[in-house]
Amino acid sequence: MSDKVLFEQRGAVAVITLNAPEKRNAIDLEMVRGLHDVLDRLLGSDDVAVLVLTGAGDRAFAAGADIAQLKERSSPDALAAINASIFKRIEDFPCPSIAAIRGYALGGGCELAIACDLRVAGRSAKMGQPEVGLGIMPAAGGTYRLPRLVGLGKARELIYTGRVIDADECLRIGLVNDVVDDAEVLPRAMALAEEIAARGKLAVRLAKATMNALARPNEGLAVSMESVAQALLFDSDDKHRRMAAFLERSRTKAPRDGGSSG
Ligand code: COA
């Protein structure tokens with residue numbers, strides 16, 4: 001299994017850690033494969049009642065899809081919906097999942113967090129969908145899951161501006177369930193997981209499946225539209241120019257404003 005995804009079972013709780021802290025846990029293909037491997041392994045297991053997903057290090061849950069890889073992707077890759085597929089697998093996984101967030105959860109990192117059933121954030125959490133600053137759009141569920149959580153008006157504001165918001169605002173708009181000190185994020189997520197794990201396993205799973213069915217009656221169109229729209233953007237000059245600028249700034253270590261600028 002890839003060392004970009006760590007897995008540990010603590011009682012009935014499976015703790016899954018994105019592990020590329022030097023890249024702020026940016027989600028690359030190897031990490032996506034690692035997540036699929038962990039879910040494959042867990043699917044047949046009857047011992048797991050809750051998944052807890054977190055990021056290694058104290059700087060980020062995940063700073064989004066790997067921009068160096070994204071820059072090289074073209075329209076067929078967008079249509080393959082690589083990140084959207086793994087996030088949907090997490091959303092559809094039979095047992096509930098909890099994102100334990102410290103630091104940045106941006107772009108695909110925010111989309112991974114909102115594919116989970118619940119979110120516990122540390123005071124350092126910074127969440128947002130900065131994709132438009134890179135000439136692309138959220139295309140791993142951001143356009144349909146974010147409105148469900150925070151309402152269409154707030155989702156529009158976050159997606160059109162690419163603004164990154166702090167933990168208090170995340171809590172205020174319902175993007176996270178709870179905010180605690182950073183040191184308490186994993187313990188709080190584990191306590192919540194154990195509280196759920198103590199309930200009837202089948203009852204919790206069926207409640208999850210029922211709420212998922214209720215939450216997304218007409219989602220199919222948005223899912224297809226998201227990847228087709230991203231396919232157009234993946235081949236655009238604007239995307240190439242903006243992503244090259246991000247990577248160049250990274251190379252020269254010039255300051256940037258959270259990835260939301262061009
Ligand atoms: N893809 C690829 N690499 C990324 C990345 C991403 N999404 N996010 C961070 N990194 C890399 C940086 O390039 C840098 O690499 P380097 O050490 O080789 O130069 C390293 O991670 C550390 O990032 P840095 O920007 O120096 O850390 P920071 O703590 O000052 O800032 C962020 C953190 C998250 C604000 C900043 O990295 C950022 O804006 N990332 C992109 C966020 C984004 O736009 N995500 C949406 C992608 S679709």
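Basis for what follows: all heavy atoms, side chains included, without hydrogens, waters or symmetry-related copies. Numbering of ligands and ligand atoms starts at 1, following listing order.
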Problem set entry | Donor-acceptor contact below 3.5 Å, side chain Q230 vs main chain M137 | yes

Seminar exercise, completed: Residue set satisfying side chain to side chain contact (heavy atoms under 4.5 Å, CB included) with R172, at least two apart, ordered chain then number -> E169

Exercise. Out of curiosity, is G108 lining ligand 1, as in a heavy atom under 4.0 Å away?
Worked result: no

Problem set entry | Ligand-side contact atoms (ligand 1) for residue partner R59, heavy atom cut-off under 4.0 Å | 28 (P), 29 (O)

Exercise. Side-chain contact, heavy-atom cut-off 4.5 Å: L35 with R89?
Worked result: no

Exercise. Under the side chain to side chain contact (heavy atoms under 4.5 Å, CB included) test, which residues partner V179, sequence neighbours left out?
Worked result: A121, R123, A167, L171, V176

For this session: Please determine if A65 has a nitrogen or oxygen closer than 3.5 Å to a nitrogen or oxygen of ligand 1.
Result: yes

Exercise. Do any nitrogen or oxygen atoms of K23 lie less than 3.5 angstrom from nitrogen or oxygen atoms of ligand 1?
Worked result: yes

Exercise. Around atom CG of D40, are there more than 12 heavy atoms of other residues, nucleotides or ligands at under 6.0 Å?
Worked result: yes

Exercise. Where do L79 and V228 land on the side-chain contact (heavy atoms from CB on, under 4.5 Å) test, with the steps shown first?
Worked result: CA-CA 6 Å; L79 294 172; V228 171; 4.1 Å; yes

For this session: Give the atoms of ligand 1, by number and element, whose distance to some non-hydrogen atom of L134 is under 4.0 Å.
Result: 44 (O), 47 (C), 48 (S)

For this session: Ignoring angles and geometry beyond distance, decide whether A68 reaches within less than 3.5 Å of ligand 1 through its nitrogen or oxygen atoms.
Result: no

Exercise. Is any side-chain heavy atom of P94 less than 4.5 Å from a side-chain heavy atom of L43?
Worked result: yes

Exercise. Heavy atoms, side chains only, cut-off 4.5 Å: are R73 and I82 in contact?
Worked result: yes

For this session: Run down the list A62, A60, A63 and name the one with the heavy atom closest to atom 42 (C) of ligand 1.
Result: A63

Problem set entry | Atoms of ligand 1 close to E22 [distance to a heavy atom under 4.0 angstrom, numbered from 1] | 20 (C), 21 (O), 22 (C)

Seminar exercise, completed: F246 heavy atoms within 4.0 Å reach ligand 1 at atoms 13 (O), 38 (C), 39 (O), 40 (N), 41 (C)

Exercise. Taking only heavy atoms of Y104, which atoms of ligand 1 are found under 4.0 Å from at least one of them?
Worked result: 33 (C), 34 (C), 35 (C)

Seminar exercise, completed: Note: ligand 1 atoms sitting under 4.0 Å from heavy atoms of L70 are 48 (S)

